[in-house]
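Read the numbers this way: they start at 1 and go in the same order the structure lists the ligands and their atoms. Just so it is clear, the structure is predicted and the values come from calculations on it, not from any experiment.
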Amino acid sequence: MNYSKILNQIELELKEFPNNGKVASYIPELSKVDPEKFGIHLYCISGSNHSFGNSTERFSIQSISKVFGLTLAMQLLGDSLWKRMDVEPSGNAYNSLFQLERENGIPRNPFINSGALVISDILISEYENPKDEILKFVRRISGKPTIDFDEKVAQSEKQHGHRNTALANLMKSFGNIKNEINQVLDVYFYQCSLAMSCEELAKAFMLYANEGTLLESNEQLLQPIKVQRINALMQTCGFYDEAGEFAFRVGLPGKSGVGGGIVAVHPEKYSAAVWSPKLNQKGNSLLGMEALERLTTKTGLSIF
Ligand code: DON
């Protein structure tokens with residue numbers, strides 16, 4: 001497969017694409033990004049790498065970080081994790097409140113905000129310093145010790161995080177948050193503020209494309225059954241109320257973030273990370289989805 005040629009074609013084609021998405025502004029710090037940034041990085045299981053555009057520039061990975069939080073929680077708790085949240089697509093926006101009330105404070109899945117807040121709560125209960133453990137894990141799987149939280153983004157979200165505060169309080173009233181609300185929000189906001197490039201994200205997500213084994217050291221970090229379950233959750237819940245659309249158009253497990261990043265995984269083949277800050281109405285990168293759709297269409301490869 002000539003991935004470089006395919007990426008060149010996608011880059012050329014998308015120069016003409018009418019990108020009428022909007023940069024996220026409900027976290028004010030995110031709205032400062034240059035809306036025209038666009039990059040992609042493809043990391044193949046053979047070790048070959050292909051990229052174009054702003055693929056080495058770090059951006060706010062936001063909800064993509066929920067995959068890392070989930071991985072740590074699955075390692076810590078095993079199956080008892082699923083008493084605290086479900087594994088069903090929500091069909092609703094990532095920050096929706098009403099389903100959570102109807103379902104007694106049990107989030108539909110770990111990727112909507114309520115689910116990720118419960119994961120933060122678990123990490124606080126299980127680790128002495130959860131933020132350090134998140135950083136340690138991400139640095140390890142990406143091989144980049146310089147990866148860090150973006151303090152300004154974390155503070156900006158803290159000042160405007162009224163909906164997440166409401167979700168956490170609602171779950172606390174049902175007994176599904178054990179620690180202090182502010183502590184839970186702090187871990188969640190810092191996790192979301194992680195700044196990474198497409199290149200670093202693609203490398204980190206090779207863990208999920210390579211059955212839980214680090215490609216370079218051959219070290220088994222995660223059991224294959226856990227990777228299968230994380231990939232299943234990315235497939236069914238990774239794009240909130242657009243999970244069906246992503247499966248239909250792209251056909252790979254993936255996860256998006258409101259910073260405009262998307263990572264998709266082709267098990268045993270590659271991981272691909274794309275970044276374009278302008279979002280569609282469901283909060284997913286408009287150009288990012290288009291680029292990944294063209295990647296799986298041109299290669300003729302998807303998991304289906
Ligand atoms: O909690 C929030 O609203 C953000 N920190 C993350 C949301 C997000 O990335 C949704 N994904 N598209």
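- Close approach of ligand 1 to Tyr240 is summarised as follows: ligand atoms under 4.0 Å from at least one heavy atom of the residue are 10 (C), 11 (N), 12 (N).
- With salt bridges taken as basic N to acidic carboxylate O contacts below 4.0 Å, none links Glu180 and Lys172.
- Taking a cutoff of 4.0 Å between a charged side-chain nitrogen and a carboxylate oxygen, Lys278 and Glu36 qualify as a salt bridge.
- Looking at Glu293 and Arg249, a side-chain N of the basic residue comes within less than 4.0 Å of a carboxylate O on the acidic one, giving a salt bridge.
- Residue-ligand proximity: Phe189 is placed with every non-hydrogen atom at 4.0 Å or more from ligand 1.
- With a 4.0 Å cut-off on non-hydrogen atoms, Leu279 does not touch ligand 1 at all.
- The closest side-chain heavy-atom distance from Asn109 to Met85 is not below 4.5 Å.
- Ligand-side atoms of ligand 1 in range of Val258: 7 (C), 8 (C), 9 (O), 10 (C), 11 (N), 12 (N), range being under 4.0 angstrom from any heavy atom.
- Residue-ligand proximity: Asn113 is placed with a non-hydrogen atom under 4.0 Å from ligand 1.
- The residue Arg163 has no part lying near ligand 1, judged by heavy-atom distances below 4.0 Å.
- Within ligand 1, counting atoms from 1 as listed, the ones closer than 4.0 Å to a heavy atom of Asn164 are 1 (O), 2 (C), 3 (O).
- Ring planes of Tyr94 and Tyr240: tilted class, angle from 30 to 60°.
- Remark: minimum distance from atom 2 (C) of ligand 1 to any protein heavy atom is reached at Glu157 OE2, 3.1 Å.
- For ligand 1 and Cys192, the ligand atoms under 4.0 Å from any heavy atom of the residue are 5 (N).
- Scanning all protein heavy atoms for the shortest distance to atom 1 (O) of ligand 1 gives Tyr188 OH, 2.6 Å.
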field: side chain to side chain donor-acceptor pair (under 3.5 Å) assessment of Asn113 paired with Asn164
entry: CA-CA 7 Å; Asn113 290 9; Asn164 285 319; 3.0 Å; yes
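- Ion pair Glu88/Arg108 not flagged as a salt bridge, since none of the NZ, NE, NH1 or NH2 atoms sits closer than 4.0 Å to an Asp/Glu carboxylate oxygen.
- Below 4.0 Å from some heavy atom of Gln62 lie the following atoms of ligand 1, by number and element: 4 (C), 5 (N), 6 (C), 9 (O).
- Summary of contacts: the protein heavy atom closest to atom 12 (N) of ligand 1 is Gly283 O, 3.2 Å.
- For the atom pair CG (Leu167) and CZ (Arg163), the distance works out to 7.5 Å, reported to the nearest 0.5 Å.
- Using a cut-off of 4.0 Å between Lys/Arg side-chain N and Asp/Glu carboxylate O, Glu151 and Lys158 are scored as not salt-bridged.
- Below 4.0 Å from some heavy atom of Tyr94 lie the following atoms of ligand 1, by number and element: 3 (O), 7 (C), 10 (C).
- Scanning all protein heavy atoms for the shortest distance to atom 3 (O) of ligand 1 gives Tyr26 OH, 2.6 Å.
- Ring-plane geometry between Trp275 and Phe59 is classed as parallel, the angle between the planes falling under 30 degrees on a 0 to 90 degree scale with a further cut at 60.
- Protein heavy atom in closest approach to atom 7 (C) of ligand 1: Ser63 OG, 3.0 Å.
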